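Heads up, the thing below is written out as structure tokens.
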Amino acid sequence: MKKTSRRDFIKISALGAGGLAMANPIMNWVPGFLPKEHKPIDESKAKRFPTFCEVCFWKCAGFTYLNEDGKIQKIIGNDKDPHSNGRFCPRGTGGVGMYYDNDRLKQPLKRVVENGKSTFKPISWDEALDYIADKMKGIAKAHGPESMALLYHASSGSYFKHLMKAYGSKNIAKPSYAQCLGPREAGFVATYGAGVSSPEPTDVKNTKCLVLIGNHVGENMHNGYVQEVSDAIDRGASIITVDPRFSTIASKSKFWLPIKPATDMALLLSWIHVLIYEGLFDEKYVKQYTFGFDELKVHVKNFTPEWAYTKTDIKPEQIRNSAYEMAKASPAVIVHPGRHTTWYGDDTQRTRAIAILNALLGSYGKKGGWYFAEKKKVPHYPSPAYPHPHWTWKDITRPTYKSAGTGISNDLIKASLPNDKSEHKIKGWLVVGTNLISTVPDQKITLEAIQNLELMVVVDTMPMEITGYADIVLPECTYLERYDDIRSSQNRFPNIALRMPAAEPRWESKPGWWMARELALRLGLEDYFKWKNVEEQLDWKFKQMGTSLKEMQKIGVKTFEKDKDMYLAEGEEYYFNTDTGKIELYSLDLEAKGYDPMPKYTEHKQPEEGFYRLIYGRAPMHTFGRTANNPNLTDLMDENKLWVNPKVAKLLYLEPDQEVWLKNQDGVISKFPIKVRITERIRYDSVYMVHGFGKDNTKLKRSYGKGASDSDLITNVKIDPIMGGTGMRENFVEILMDNPHKEEARS
Ligand SMILES: Nc1nc2c(c(=O)[nH]1)N[C@H]1C(S)=C(S)[C@@H](COP(=O)(O)OP(=O)(O)OC[C@H]3O[C@@H](n4cnc5c(=O)[nH]c(N)nc54)[C@H](O)[C@@H]3O)O[C@H]1N2
Ligand SMILES: Nc1nc2c(c(=O)[nH]1)N[C@H]1C(S)=C(S)[C@@H](COP(=O)(O)OP(=O)(O)OC[C@H]3O[C@@H](n4cnc5c(=O)[nH]c(N)nc54)[C@H](O)[C@@H]3O)O[C@H]1N2
Ligand code: SF4
Ligand SMILES: [Mo]
């Protein structure tokens, strides 16, 4: 009898690595990517169920396959899916490990005090849901329903969102805005009147030149994007990478610009200077589509490459030559906006500078630059209108951060502090699939806010840091065991995908849609969940979209015709959704709100002697902390290391793999040691680690105490004044060779 084991996974991976090296050059530089399975599948025998991956937010669609015993065996990409193009990344393939992880949450838990100590007691679903509904009713009565907040980052969050709105609160936020892509959205909205959104509509497939500013694709493993970049490299497109670290993609680049961290704005402004003052911009495009060129020209007059060199450490000829490279490729050039853009506080303005560069190069709306993406609207299952809340996140956030596009997680957290001055107070949190402790800086604030809550419910699949602070923990089954809301995301062609269960939920775990609905019934909100069951609800929606649940269960992904063109025709009239109807190089909206209408260079702090800037990023085989305990993926990488330049290693007498501790500028010390990796690939003024390790929940058997957590050390947060995002990269660390916790224990 065949059993699915971790070995199987490794075997598949290893096979993939060998077979694929020839079949597709992507394997030459991206580790662990699996080949497409070319074996024809016998549809009559195959037991497979469509799904889309929850290991990261690219949401690749594929099929979950069962083995002869009816057990989940593997997940393979769906050929029809533009996110995956029929293949999964190593994390997605390893997603099966999420289902098989025996450390998963198994039943609802309630915090109780026993012998003066707080502990979790397993309770029944009825007890848990009754308790939550009771508390939520009490909170609504005492403070108004608005004082409940939903913080979420799992697909099932969509059902909880509906629940919260029905209950009367719009205080809803995802960390993927204020801790991630918020600044670039605000920067692009100010320039083009439209955000970037996901998947990014960058036409990498057809580009001649791709400029990556800290965007470490290949380590950042967004599937379809990595594939397109890989093809672009094969086609001979030139890559320009700006990164203080010699990233995987830097090794594939024509230009690697090892910038001094926190000075990117100087480089961007000087690129703008070169394009304008050397007459290399797309004059026709700029004339027809943009507003404020003359002001911009005056603004960047002094930002010469010679000036930028003094800030960035990048030689003037490198700045000029890389600008020429972009101009040569115009309009088939992409200055990529990045994704995790909350770096130094002036992040909206940095992405504004990127947006402006694209406009000068005439690449927005052009083949090989940016295409116009389209998305299918998912209809709302009939239900009554939501009640009108008396206040929302906007009342908390917008007076200060005027261009915040969605709820700001860190602001909702602050509104939960006892001494917060705002009249709008948050009293309870529903936390669905986001590990706030490692996700939102600064932890101190989050922990203090938690102490002040009347109710904190955490819906998760794993015992993570955040679950340890909950009053009630609700175990969600994994994405392989549940239906979820329809995936509809923008792309070249509008498309939708179905996720359906391939197995029964293990232990007592349940799908999020079920929990949201059960809570609604207990809160007297049954009119909002009138569907008989989730299948009926999905089928109704699919039918409105011209398909059905039955068809989607077969095909998994459906693509629709386009309504508009992918690119601008030569000279086509086009109105952007800005005040002037033009691409605003000079932003009237930002000016009206009291912000700089054009991006300015701000000097950021550099490390003092003995300190190094803490920078962080991704590893191809992990997604944040969510995979840190995944049995398949820990086999590939089970801890992070601290990248240290040889100069620093020499100065501190560090040896390879030596364990060290880190102490930041505020005296915060890493909980666990981290091993040193000595490498020329990092600048001497910085150290680097992969985010998501150093887990401190002892219930995580494979990952507890492995490596260090960058999140613990991010206590200096530079808030973006325009949209409220949390800049995390102005933290500096000392390297400690002796275990500081031992000393603590002794004294
Ligand atoms: N220090 C630091 N902070 C960061 C970042 C960083 O690099 N460094 N990155 C930032 C970025 S870019 C982002 S997008 C955010 C990401 O922030 P998060 O999405 O909060 O990151 P994760 O650590 O993956 O936490 C996800 C949580 O969801 C749980 N989970 C996984 N699958 C499911 C599911 O199906 N259902 C439910 N209910 N729960 C599930 C996991 O167990 C985990 O507890 O973090 C941001 N914060
Ligand atoms: N494998 C994997 N892939 C992922 C994820 C994952 O968890 N795992 N998460 C996904 C998510 S949600 C996001 S948001 C994206 C994030 O991915 P990206 O947007 O690509 O990257 P960042 O995390 O912003 O940047 C990391 C890079 O920035 C460099 N860097 C640090 N400081 C500076 C600086 O001052 N200037 C410049 N130019 N570079 C600097 C670092 O050396 C590192 O190479 O990744 C996505 N892809
Ligand atoms: S990129 Fe990888 S982890 Fe992310 S959704 Fe796709 S297969 Fe899953
Ligand atoms: Mo992100």
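Every number for a ligand or one of its atoms is a count from 1 in the order of the listing. This one's a predicted model, so the numbers in the text were calculated from it and none came from an experiment.
- In the candidate list His153, Gln179, His216, His216 is nearest to atom 21 (O) of ligand 2, counting heavy atoms.
- Polar contact with ligand 2: absent for Ile615 (N/O pair, distance under 3.5 Å).
- Inclusion of Thr623 in the set of residues having an N or O under 3.5 Å from an N or O of ligand 1 is not warranted.
- Residue contacts with ligand 1, taken as heavy atom pairs separated by less than 4.0 Å, involve Ser711 via backbone and side-chain atoms alike.
- Only the backbone of Ser438 comes within 4.0 Å of ligand 1, counting heavy atoms alone; no side-chain atom from C-beta on gets that close.
- Looking at Glu54 against ligand 1, only its side chain comes within 4.0 Å, counting heavy atoms.
- Selection from His622, Arg184, Met221, His336 by nearest heavy atom to atom 3 (N) of ligand 2 gives Met221.
- Proximity of Leu436 to ligand 1, defined as any heavy-atom pair under 4.0 Å, is not found for any part of the residue.
- The shortest N or O to N or O distance between Arg626 and ligand 1 is below 3.5 Å.
- In this structure, of Trp58, Tyr225, Tyr344, the residue bringing a heavy atom nearest to atom 35 (O) of ligand 2 is Tyr344.
- The contact set between ligand 2 and Tyr616, taken as ligand atoms under 4.0 Å from a residue heavy atom, comprises 26 (C).
- At a 3.5 angstrom cut-off on N or O pairs, Asp460 counts as close to ligand 1.
- The proximity of Arg339 to ligand 1, defined as any non-hydrogen pair under 4.0 Å, does not occur for either the backbone or the side chain.
- When Arg729, Glu730, Met265, Glu200 are checked for heavy-atom proximity to atom 22 (P) of ligand 2, Arg729 turns out nearest.
- Glu465 and Asn435 form a side-chain donor-acceptor contact under 3.5 Å, judged by distance and modelled atom types alone.
- Checked by distance only, ligand 2 and Ala262 come closer than 3.5 Å through their nitrogen or oxygen atoms.
- Pairing each heavy atom of Thr467 with each of Leu105, the nearest pair is CG2-CD1, 4.1 Å.
- Ligand 1 has Ile714 within reach: a non-hydrogen atom of the residue lies less than 4.0 Å from it.
- Among the atoms of Pro175, none of the N or O lies under 3.5 angstrom from an N or O of ligand 1.
- For the pair Thr341 (side chain) and Pro337 (backbone), a donor-acceptor distance under 3.5 Å is absent.
- Taking the six-membered ring for Trp and the full ring otherwise, Tyr483 and Trp513 have centroids separated by 6.0 Å or more.
- Inclusion of Ile213 in the set of residues having an N or O under 3.5 Å from an N or O of ligand 2 is not warranted.
- Residue contacts with ligand 1 for Arg482 involve side-chain atoms from C-beta outward but no N, CA, C or O (heavy atoms, distance under 4.0 Å).
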